[in-house]
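Please read the structure below before turning to the comments.
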Amino acid sequence: MATTTMTMAKALNEGLRRAMEKDPKVLLMGEDIGKLGGVFRITDGLQKDFGQDRVVDTPLAESAIVGTAVGLAIRGYRPVCEMQFDGFVFPAFDQIVSQVAKLHKRSEGIYNMAMVIRLPFQGGIGAIEHHSESPEAYFAHTPGLRVVSCATPNDAFWMIQQAIDSDDPIIFCEPKSRYWEKGEVDLDGPPRGLCEAELRREGSDVTVVGYGSSVKTILRAAEAAEAEGVSLEVIDLRGISPVDYPVVVASVLKTGRLIAVQEAPRSASVSSEIVAEVTQRCFYSMRAPGVRVAGYHVPYPPARIEEDYRPSVDRILDAVDQVMGYGQ
Amino acid sequence: MATTTMTMAKALNEGLRRAMEKDPKVLLMGEDIGKLGGVFRITDGLQKDFGQDRVVDTPLAESAIVGTAVGLAIRGYRPVCEMQFDGFVFPAFDQIVSQVAKLHKRSEGIYNMAMVIRLPFQGGIGAIEHHSESPEAYFAHTPGLRVVSCATPNDAFWMIQQAIDSDDPIIFCEPKSRYWEKGEVDLDGPPRGLCEAELRREGSDVTVVGYGSSVKTILRAAEAAEAEGVSLEVIDLRGISPVDYPVVVASVLKTGRLIAVQEAPRSASVSSEIVAEVTQRCFYSMRAPGVRVAGYHVPYPPARIEEDYRPSVDRILDAVDQVMGYGQ
Amino acid sequence: MIDEELVQLLTPEGERVDHPDYASTLSGEQILSMYRDMVIVRRLCTESTSLQRQGQLALWAPIEGQEGAQIGAGRALAPMDFTFPSYREHGIAWCRGIPPAELLKLFRAVSNGGWDPLKYRHHLPTIVLGNQVLNAVGYAMGIQRDGADEAVLTFFGDGASSQGDVLESFVWASSFNAPVVFFCQNNQFGISTPSSTQSKVPLFRRARGFGFPGVRVDGNDLLACYEVTRAALDNARAGGGPTMIEAFTYRMGAHTTSDDPTRYRVDAEVEVWKHRDPIERIKALLVREYRVKPSAFEDIAAEADRQALQLREDVLAMGRPDPLSMFDHVYADDHPLIDEGRREMAALGLGGSH
Amino acid sequence: MIDEELVQLLTPEGERVDHPDYASTLSGEQILSMYRDMVIVRRLCTESTSLQRQGQLALWAPIEGQEGAQIGAGRALAPMDFTFPSYREHGIAWCRGIPPAELLKLFRAVSNGGWDPLKYRHHLPTIVLGNQVLNAVGYAMGIQRDGADEAVLTFFGDGASSQGDVLESFVWASSFNAPVVFFCQNNQFGISTPSSTQSKVPLFRRARGFGFPGVRVDGNDLLACYEVTRAALDNARAGGGPTMIEAFTYRMGAHTTSDDPTRYRVDAEVEVWKHRDPIERIKALLVREYRVKPSAFEDIAAEADRQALQLREDVLAMGRPDPLSMFDHVYADDHPLIDEGRREMAALGLGGSH
Ligand SMILES: Cc1ncc(C[n+]2csc(CCOP(=O)(O)OP(=O)(O)O)c2C)c(N)n1
Ligand SMILES: Cc1ncc(C[n+]2csc(CCOP(=O)(O)OP(=O)(O)O)c2C)c(N)n1
Ligand SMILES: [Mg+2]
Ligand SMILES: [Mg+2]
């Protein structure tokens, strides 16, 4: 088994490279992804190796990036669009919701909208406004799309390739605060299925689910909880839409308690969905109502206080106390 | 008490007229709202009476309608933007999420984004694609916005005035399939608070909540259920974000059962939110998990089969059976 | 209608005029065949309107008055070119060989699409104004990458010309020198909104500011529309980049069958435009220059009636889709919410055999 | 740099040139005062860069090279005019009287805004490219409705010029004849992307296709920027409608402190532009034509240093905001989720007195 250590940024870069080598129809589009290699350097060196026609530095407009990607997909290409930051996906929202999500259906299966929209998401990098958003719920609410997120370099490497391989359009959420963290990457695979959840830590008292950058925070919370004698089972969802409910449900049936963590605001969100659905499936097994640890109902705050907005180990532990002490 | 019978369309028209008479800063903007009176005639006659500067026929671009409304709001106007149909709000999504929802905060309270975005929403009128969407969850997930919906002519008349009066930006969802249904309008008021839920029918077995066109469907289901000996308590939410939880929770504490109805797809939606939150607040009182009756996870289907997509009396009754029979 | 900037090869009276940049290359036979197309699509249009009035269609968007623009442009296409329509390009669909009944699936509300877009090389209707124009440019970028000898022709209206998506398309097309032709039918209205609200200057001038040529053509002049489009497509295929064509025409009918144009325009204006009817002027040319006999016109009219009858039959035969079909093709791969929805609906006894 | 279309009143060497449409109206005193502005904003910019390097700012977006465009445009404003910046208009903020420290609140990441936009008549920074341009047009429509003798000046870059919002703004401004001036600083890059990717032809030409004038001005020529902007604002206030100004300039520094321009441009190019420095050429003019003494320049430099010092002090004094403040001003009226969030956070012991 060939494993190697690399950052998530590098793993994405390698994954993109592999996908491009494998399939000449794969092409990358976005702002500053060529010479600059993207503001996060995820596409570093790829234009040099694959040329300007396959690593396309576009003019500056997200609706056009996605809108032209749709046309390329119709033509049989597999475009991978980079949104420079989460907060800049909204100009493309119309194309995503009205075309990307609906054209496979509208064409009665004739068109494959085989397309990936890469979204560096979540906060924690001390950036200014619009650079730390978590817009995944908007996409999870939209039929026709799949939404996934990687939490480790290994997943980044494999999931980006699987997303490109998929004939469905994928919103690929990359936890930008983890780009520079290193991890083992198994270059041989085979990888886990693209939307399958993964148990990151076994436990018996509380199931805690999350995705993206939250996974590491949850694992830290699990360590702290263990010290206090509470055993958390930690699930990295990987698939945000659809959620891999069999895995989550099996865990909650065991633990009887659920905490869903996300950075996005709580209202009408992915964590709302998970709590509602899991409660329905595990009603009699639940010893406490599912709790959501989420961003507050405010615009993402200035970075100096972002750590008070983001789900922290403390807030997760508070939620653990809440579900463990429920009804007492 | 001066009451009179009128359609919801007329009630909205009268409400807009009153708001414009009361405050010269109120102005209407949209496509075809002048001479034509809007494709639903909601603004019929208003341009004739208030002039082209206050009832503005705009060029055709939703981002610009909302984007210029932001500027007008900064200048102290109170713009009321008409989106011609729900499916055409997405080009304006960026302005709504990035500016409308955030400028009061960004300006630390200096700017009031006193603005209403009118959205004829939900299906049921036999229209072609993009004319029957229910995008309320996208807005309910967005801090900085309020989302409301009227279900009766009386609410239409008052809520549109209250929305215009509000210093917060309001997404005003109008159930277009109910535009031509008549109801009593109390012209004197005082009206109920803009975001307050209203008990439309008292019951003891199951709480069913909904908004917009679903309210009438739920009331029909309640009649049918009564015939079968099940008593539904029907709550018209009116406020979609924030939800008036005290009213909903009080009801569920009484009935022990919750059904949330919406036309929008279920995943990461308003009904997910309601089920998650109410479960948390009423956990020990709930005899069955909350159930969501919603649109399926598919693009809104061709109109010939739309009634099989929309929550119907049958589907609500099925959900009633489900919660009533739970655990048996 | 003297307008120096307007390309015209045939006057409203059916008399030929010269133009320094464009000459008519069409034979009498070709013109007759295009006349036939125009007559048929108009006849299909009136049939569709009456089908709608009879409750057989949910909606109809008529094209009366725009047949010259559409058949002119549509016949200028090479077979391998790809077209991206909005929702009113019934004449283009006809030229692409799409069976009229397939076009009506959308309007009968039994499908959100209706035909095989790859087979006919005609994209599906796009209702969200302007979206398709970006999609078209993307497709053209694919052509470039394939090194194919093809071009894209995409359509939008004077109203849609204000949408950011259309304007971004101009940026993209110019930046990538994409083989795309933007065909704007300025029928002078976006529902009730006059085109003067969208632009104070002729729309075709926009193109130049984005770095590619714009041409204004008499949209009721079949010959001019044909030549201008053909030249632009040839140029695109030859690597010359995009062109914008503004076909200056007039929507004779209502916006759709839901519309009431008396609220926003006067009959007198419509009357004026009746004298510029694209079909009549070609007929005048055919009679005068090519001595086409009345019987030939009668034959065409009779064929148009037959087509209309066929359309009616086909439409009436279209059943209600199986409700379960709403779950098909939402995703290419398996999806749990789709399976669940199918199960739920089947449990309600809705889908399947009825 | 001979370009017929480029308005220039002063060569890079500081020599006056005539222009048929624009004459310099500025006195020596005014020019000196604007020179002072340029020197100060540059000094504040280098101070901000070093504050960022020292970890005191989260980010900084330098303006070196663009002082001529910004002080020229900024000083052309009448007090009641309103400005809508993007995120790099530090020179405009200076002209509007905004205390430099307030400008840096955004970059210190203690606020998403930073100043009272109604007091200074300068809108808050807009990060989502192009959004502010539509907002500006809307504000201008408000001016029209108020019958006020005011105009709006709004800013965007060559990169942002490709955004649908900017292009729709052109449609709107023309359609409503709004009193707005579009000031595009073409600093030749959108991060790494050369402006040639955004447009093959000079950007100012776009305006004409939308029905209003576009002017290209030497953005490193303070005098020209001032006159062109003043004329456009006067015209807007007089009911003449919108103008687009393309200030052709160059971003001497990095896009932001996070950027590495060596990846996408060569030093030689930067060197060329150093010779066109907007500050140096005004200095040359002041020396030659107005005999301004070295001591005057020294005084200005000293004042700039004092300002920089003050800025540094002010920035260092900026504490971490109370986390609870994130709940303020999200809504104008009460909101249960806000109350709940406040309670939750307070329970965590986070907000309040620290
Ligand atoms: C984004 C969007 N906004 C609004 C509409 C509603 N609408 C449908 S057609 C139309 C007018 C379009 O006018 P134009 O582009 O001139 O095309 P025409 O109907 O004249 O062919 C409008 C406003 C829409 N379909 N899409
Ligand atoms: C909608 C949007 N997309 C992407 C970005 C990321 N971004 C920030 S600045 C920038 C380049 C802008 O270039 P230009 O408009 O020329 O302004 P300049 O930085 O040169 O002043 C980009 C791509 C953004 N802020 N907003
Ligand atoms: Mg039109
Ligand atoms: Mg720039």
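With no hydrogens or angles considered, no side-chain donor-acceptor pair links B:D53 and D:Q144 at under 3.5 Å.
Under the 4.0 Å criterion applied to side-chain N and carboxylate O atoms, D:E150 and B:R75 are assigned as salt-bridge partners.
Taking both residues in full, the closest heavy atoms of D:F176 and B:D57 are given as CZ-O, 4.0 Å, listed atom of the first, atom of the second, then distance. The nearest pair of heavy atoms linking D:D328 to B:K105 is O-NZ, 2.8 Å. Of all heavy-atom pairs between B:G67 and D:N135, the closest is O-ND2, 2.9 Å.
To the nearest 0.5 angstrom, D:H329 atom NE2 is 14.5 Å from B:R106 atom CZ. Going from atom CG of D:L134 over to atom OG1 of B:T68 covers 6.5 Å, rounded to the nearest 0.5 Å. With rounding to the nearest 0.5 Å, the separation of CZ in B:R146 from CG in D:D333 is 5.5 Å. For the atom pair OG of B:S107 and CG of D:L118, the computed distance is 7.5 Å after rounding to the nearest 0.5 Å. In this structure, the separation between OG on B:S166 and OH on D:Y331 is 10.5 Å, given to the nearest 0.5 Å. A distance of 8.0 Å separates CD of B:E62 from CD of D:E168, quoted to the nearest 0.5 Å.
Between the side chain of B:K102 and the backbone N or O of D:N112 there is no donor-acceptor pair closer than 3.5 Å. Of the possible polar contacts, none joining the D:N131 side chain to the B:Q95 backbone as a donor-acceptor pair under 3.5 Å is found.
Few gaps surround NZ on B:K25; more than 12 heavy atoms of other groups in view lie less than 6.0 Å from it. Surrounding CD of B:Q52 are at most 12 heavy atoms belonging to other residues, nucleotides or ligands under 6.0 Å away.
In this structure, the ring of D:H123 has its center less than 6.0 angstrom from the ring center of B:Y111.
For a residue to count as touching a neighbouring chain, one of its non-hydrogen atoms must lie under 4.5 Å from one of that chain's; by this rule D:L124 touches chain B with backbone and side chain alike. Looking at B:L145, only its backbone comes within 4.5 Å of chain D, counting heavy atoms on both sides. Of the two parts of D:S325, only the backbone, made up of N, CA, C and O, holds a non-hydrogen atom closer than 4.5 Å to a non-hydrogen atom of chain B. Both the backbone and the side chain of B:I65 come within less than 4.5 Å of a heavy atom of chain D. Of the atoms belonging to D:I338, not a single heavy atom falls under 4.5 Å from chain B.
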**Request:** List the steps and the verdict of side chain to side chain contact (heavy atoms under 4.5 Å, CB included) for D:V330 and B:H104.
**Result:** CA-CA 6 Å; D:V330 179; B:H104 184 66; over 6 Å; no

**Request:** Using the side chain to side chain contact (heavy atoms under 4.5 Å, CB included) rule, take B:T58 and D:W172 through it: C-alpha gap first, then chi angles, then the decisive distance, then the call.
**Result:** CA-CA 8 Å; B:T58 65; D:W172 248 249; 3.5 Å; yes

**Message:** As a quick check of understanding, evaluate side chain to side chain contact (heavy atoms under 4.5 Å, CB included) for D:L337 and B:Y245, giving each step before the final call.
**Reply:** CA-CA 11 Å; D:L337 288 175; B:Y245 281 116; over 6 Å; no

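Considering only heavy-atom pairs separated by less than 4.5 Å from chain D, the leading option among B:P79, B:A69, B:G109 is B:G109. Annotation: maximal heavy-atom pairing with chain B below 4.5 Å, among D:Q132, D:K119, D:H335, D:M141, occurs at D:H335. In terms of heavy-atom pairs under 4.5 angstrom with chain D, the leader among B:D244, B:V243, B:D168, B:D167 is B:D168. Of the listed residues (B:V56, B:V66, B:N112), the one with the most heavy-atom contacts under 4.5 Å to chain D is B:V56. Your options are D:G164, D:A178, D:G142, D:S169, and the one with the most heavy-atom pairs under 4.5 Å with chain B is D:G142.
A 4.5 Å side-chain heavy-atom check between B:I110 and D:W115 finds every atom pair outside the cut-off.
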